[in-house]
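Everything below concerns the one structure shown next.
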Amino acid sequence: MPRGVQPSRDSSRDRRQLGDADKTAAHSAALERLRDTQDRLAFEELYVYFAPRLIVFFERRGLEPRRSQEIMQDVMAKIWEKAPLFDASKASAPTWIFTLARNQLIDVIRKEKRSEIDYTDPALKPHEPASPDQALQSKERELALQKAIASLPEDQAVVLTGIYIDGMKQAALADKLGIPLNTIKSRLRLALNKIRTSMEVGQ
Amino acid sequence: MKTFGLPDHLLSEYTSGTLDADFEVLVASHLAISTKSHENFRFHQEIAGALFAGLPAGATQPSSSSSTHLFETFSKALVELETATHSVNAANGLPQILVDYLETLKGVKSLSELNWIACYEGIERVVLTEGANGVRARILKCQPGAIFPNHGHGSEEVSLVLQGAYTDAGAHYVRGDVQCISADEQHSPVIDDNEICFVLVVSELPAIILDKSKVL
């Protein structure tokens with residue numbers, strides 16, 4: 001930031017979140033080490049950070065703590081199994097792990113409901129080596145994303161968390177927050193537009 | 001009305017894993033046979049990943065021995081590469097997830113094995129799922145040149161072209177394209193006259209036919 005420019009009101013939140021792009025890059029690097037050399041320490045590093053967050057995620061999706069613990073272990077197993085498919089130029093480690101967690105959750109719910117559809121995601125296709133350019137782009141993209149999310153107004157951030165993390169339908173979220181469905185829709189639209197714009201500018 | 005890729009509300013719920021199975025199959029099928037939403041899907045996944053990584057650790061802690069234990073188990077396991085299932089069935093060109101879905105629901109693996117029932121002139125359909133209020137997911141088989149009777153919807157309707165093409169309100173929809181029709185819109189699609197057209201249609205509430213004389 002050039003001298004003399006006033007920091008925005010949200011700068012403390014920006015700063016708090018900005019370190020996350022480095023953390024994300026470190027997690028992606030750990031996943032690559034696990035992929036390339038079955039590095040035990042890399043797995044440990046991913047476990048320390050993601051195991052507690054997977055548990056939180058499954059609990060927020062309505063699973064009992066013990067069940068969440070079990071499914072966390074299943075996802076960690078998937079991380080190990082599928083590491084050969086990880087491609088940092090297509091998805092960061094958190095995005096990749098989130099997708100595994102989401103698929104595992106769907107499996108769990110489907111098994112309880114009988115019908116089973118097995119599928120994976122484009123994010124889980126075999127990797128090709130990334131060029132240094134791609135790696136840089138991924139990092140910059142991640143930074144722009146983190147920054148954009150961190151600077152969203154609270155009412156928009158709440159909608160994003162409700163949808164992606166808590167897995168709520170828009171109508172359920174409207175009920176929970178006591179606001180009209182159309183307000184939820186417009187907050188989602190505003191939030192996505194803001195993030196899109198920042199990511200385009202950031203690239 | 002004009003939509004060729006998926007709208008954000010479907011992609012965000014698909015990313016989150018909270019769509020009902022029929023909508024989920026439609027979204028995954030689109031991703032398998034069209035690239036029009038790939039970039040946007042990645043965008044939604046990135047947001048989810050960033051929010052996930054930003055979660056605070058909670059009260060339930062993983063037991064400390066787990067990582068070691070898991071590692072011992074996995075290091076013996078053989079890694080098998082799975083094929084991605086946003087994939088296309090080589091035999092019939094359908095999205096693999098739709099083939100799996102047809103097998104689960106109907107016990108068949110291709111469109112030709114389904115029991116088609118005529119509903120309008122030149123148009124047959126197979127109902128895949130029903131909700132409390134009636135038909136939710138269906139596949140339509142439309143003869144070249146067929147015209148849908150003008151109809152509306154009690155809720156948003158999402159269509160995915162599986163084969164062939166049609167024109168609706170001045171826009172042309174081809175294989176892989178998505179069309180969303182909101183609850184307050186009416187329409188009367190016209191099928192291209194050189195090829196049979198198959199469309200997967202999902203809505204929470206059934207269609208409302210305005211011209212009843214066209215119903216067979």
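Atom set for the values below is all heavy atoms of this structure, side chains included, hydrogens, waters and symmetry mates excluded. Chain identifiers are assigned alphabetically (A, B, ...) following the order of the sequence lines, protein sequences preceding nucleic acid strands; residue numbering begins at 1 within each chain.
Residues A/L145 and B/E46 share a closest heavy-atom pair of CD2-O, 3.4 Å. When all heavy atoms of B/H44 and A/R196 are compared, the closest pair comes out as NE2-NH2, 4.1 Å. The two atoms that bring B/T15 and A/F98 nearest to each other are O-CE2, 3.4 Å, heavy atoms only. A pairwise comparison of heavy atoms in B/A50 and A/I149 identifies CB-CD1, 3.7 Å as the closest pair. Nearest heavy atom pair, residue B/T18 against residue A/G167, reads CG2-O, 3.1 Å. Looking at every heavy atom in both residues, B/L55 comes nearest to A/R60 through CD2-NH1, 3.4 Å.
Side-chain N or O atoms of A/Y49 include one that pairs as donor or acceptor with a backbone N or O of B/A53 at under 3.5 Å.
For A/L188, the part lying under 4.5 angstrom from a heavy atom of chain B is the side chain only. Residue contact with chain B, scored on non-hydrogen atoms closer than 4.5 Å, involves the side chain of A/I165 exclusively. With a 4.5 angstrom heavy-atom cutoff, A/L46 does not touch chain B via any of its atoms. Interface remark: A/Q170 contributes backbone and side-chain atoms alike to the contact with chain B (heavy atom separation under 4.5 Å).
Environment of NZ in B/K109: sparse, with no more than 12 heavy atoms of neighbouring residues, nucleotides or ligands closer than 6.0 Å. Atom CD of B/E39 is surrounded by 12 or fewer heavy atoms from other residues, nucleotides or ligands within 6.0 Å. For B/E103, the CD atom is densely surrounded, since the number of other residues' heavy atoms within 6.0 Å is greater than 12.
Within the structure, side-chain hydrogen bond (donor to acceptor under 3.5 Å, both in side chains) contacts touching residues 173-193 of chain A (residues at least two apart or in different chains) do not occur.
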Chi angles and distances behind the side-chain contact (heavy atoms from CB on, under 4.5 Å) call for A/R141, B/R42: CA-CA 12 Å; A/R141 199 175 156 86; B/R42 177 180 167 177; 3.6 Å; yes
Derivation of the side-chain contact (heavy atoms from CB on, under 4.5 Å) call for A/R61 and B/S16: CA-CA 10 Å; A/R61 289 296 178 101; B/S16 166; 2.9 Å; yes
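Counting heavy atoms from C-beta outward, B/Q45 and A/W96 have side chains that stay 4.5 Å or more apart. Side-chain contact between A/V56 and B/P56 is absent, with no heavy atoms from C-beta onward closer than 4.5 Å.
A/R102 forms no cation-pi arrangement with B/F52, by the criterion of a distance under 6.0 Å to the ring centre and an angle within 45° of the ring axis.
To the nearest 0.5 Å, atoms CD1 (A/I195) and CD1 (B/I47) are separated by 4.0 Å. With rounding to the nearest 0.5 angstrom, the CG atom of A/L192 is 5.0 Å from the CG atom of B/D8.
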